[in-house]
Amino acid sequence: MSDIREPAIVKHDDDLIPTLTDVVELESAPALTPEQLTQVQAELTARVSRLAEELMHEAVRDVEALLFERVLDRLRAHLPELVDQVLKDRLMK
């Protein structure tokens with residue numbers, strides 16, 4: 001005989017689930033003048049541009065460091081064979 005029991009079925013009463021029925025009104029924010037809006041847009045554009053530039057420079061430095069390490073690793077791997085070939089070529093003459 002098995003001790004496995006089926007899970008109890010849970011019934012939900014939809015009346016107990018809170019629902020939003022009232023309209024929520026936000027406090028009205030002061031409207032921006034066209035000049036203020038232009039200033040905000042310019043400041044946001046400048047800040048986003050600076051951030052993007054910093055992130056791109058950082059990414060370039062990261063990629064450059066990675067490529068530098070890869071090239072050095074490949075050079076280290078091939079250098080013994082290269083030295084061996086050059087020595088054999090020179091000594092065979």
Side-chain angles (χ1 to χ4, degrees):
M1 183 174 215
S2 174
D3 287 336
I4 298 174
R5 298 179 189 166
E6 290 188 30
I9 297 174
V10 178
K11 293 184 179 183
H12 295 284
D13 186 359
D14 289 338
D15 293 334
L16 297 177
I17 299 173
T19 56
L20 180 62
T21 57
D22 297 331
V23 175
V24 177
E25 292 185 25
L26 299 175
E27 293 180 22
S28 61
L32 295 175
T33 66
E35 181 180 297
Q36 290 172 322
L37 183 59
T38 300
Q39 290 172 347
V40 168
Q41 289 173 333
E43 185 175 344
L44 282 170
T45 300
R47 288 185 184 196
V48 168
S49 293
R50 281 193 301 268
L51 178 59
E53 186 176 350
E54 290 172 14
L55 294 174
M56 288 299 296
H57 283 292
E58 185 179 324
V60 167
R61 285 190 298 271
D62 291 347
V63 169
E64 185 178 53
L66 179 64
L67 290 175
F68 185 79
E69 284 299 316
R70 283 186 180 177
V71 169
L72 284 180
D73 288 345
R74 291 171 66 186
L75 180 60
R76 286 185 194 112
H78 289 89
L79 190 59
E81 182 182 335
L82 181 71
V83 170
D84 187 49
Q85 287 176 353
V86 169
L87 287 175
K88 284 180 182 177
D89 289 348
R90 291 292 175 182
L91 293 175
M92 296 278 202
K93 287 184 178 183

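Bear in mind the structure is a predicted one, so any value in this text is a computation, not a measurement. Values below: every heavy atom of this structure, side chains too, minus hydrogens, waters and symmetry copies.
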Only distances under 3.5 Å count here; give the side-chain donor-acceptor pairs of residues 49-75 to other protein atoms, sequence neighbours excluded, each with its distance to 0.1 Å.
residue: Ser49; atom: OG; partner: Thr45; partner atom: O; Å: 2.9
residue: Asp73; atom: OD1; partner: Arg76; partner atom: NH1; Å: 3.1

Rest of the hydrophobic cluster containing Leu82 (Ile/Leu/Val/Met/Phe/Trp/Tyr, side-chain heavy atoms under 4.5 Å)?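 Members alongside Leu82: Leu79, Val83, Leu87.
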Members other than Leu91 in its cluster, when Ile, Leu, Val, Met, Phe, Trp, Tyr link by side-chain heavy atoms under 4.5 Å?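 Taking Ile, Leu, Val, Met, Phe, Trp and Tyr as members, Leu91 stands alone, with no cluster partners.
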Considering residues at least two apart in sequence or located in another chain, which fulfil the side chain to side chain donor-acceptor pair (under 3.5 Å) criterion with Arg90?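 Expected list: none.
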Among residues at least two apart in sequence or on other chains, which ones pass salt bridge (Lys or Arg N to Asp or Glu O under 4.0 Å) with Asp89?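 Listed in chain order: nothing, the list is empty.
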Side-chain donor-acceptor pairs under 3.5 Å in residues 34-42, sequence neighbours left out?
residue: Gln36; atom: OE1; partner: Thr33; partner atom: N; Å: 2.9
residue: Gln36; atom: OE1; partner: Thr33; partner atom: OG1; Å: 3.4
residue: Thr38; atom: OG1; partner: Pro34; partner atom: O; Å: 2.9

Least distance between heavy atoms, Pro80 atom then Ala77 atom: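 Shortest heavy-atom separation between Pro80 and Ala77 comes out as CD-O, 3.7 Å.
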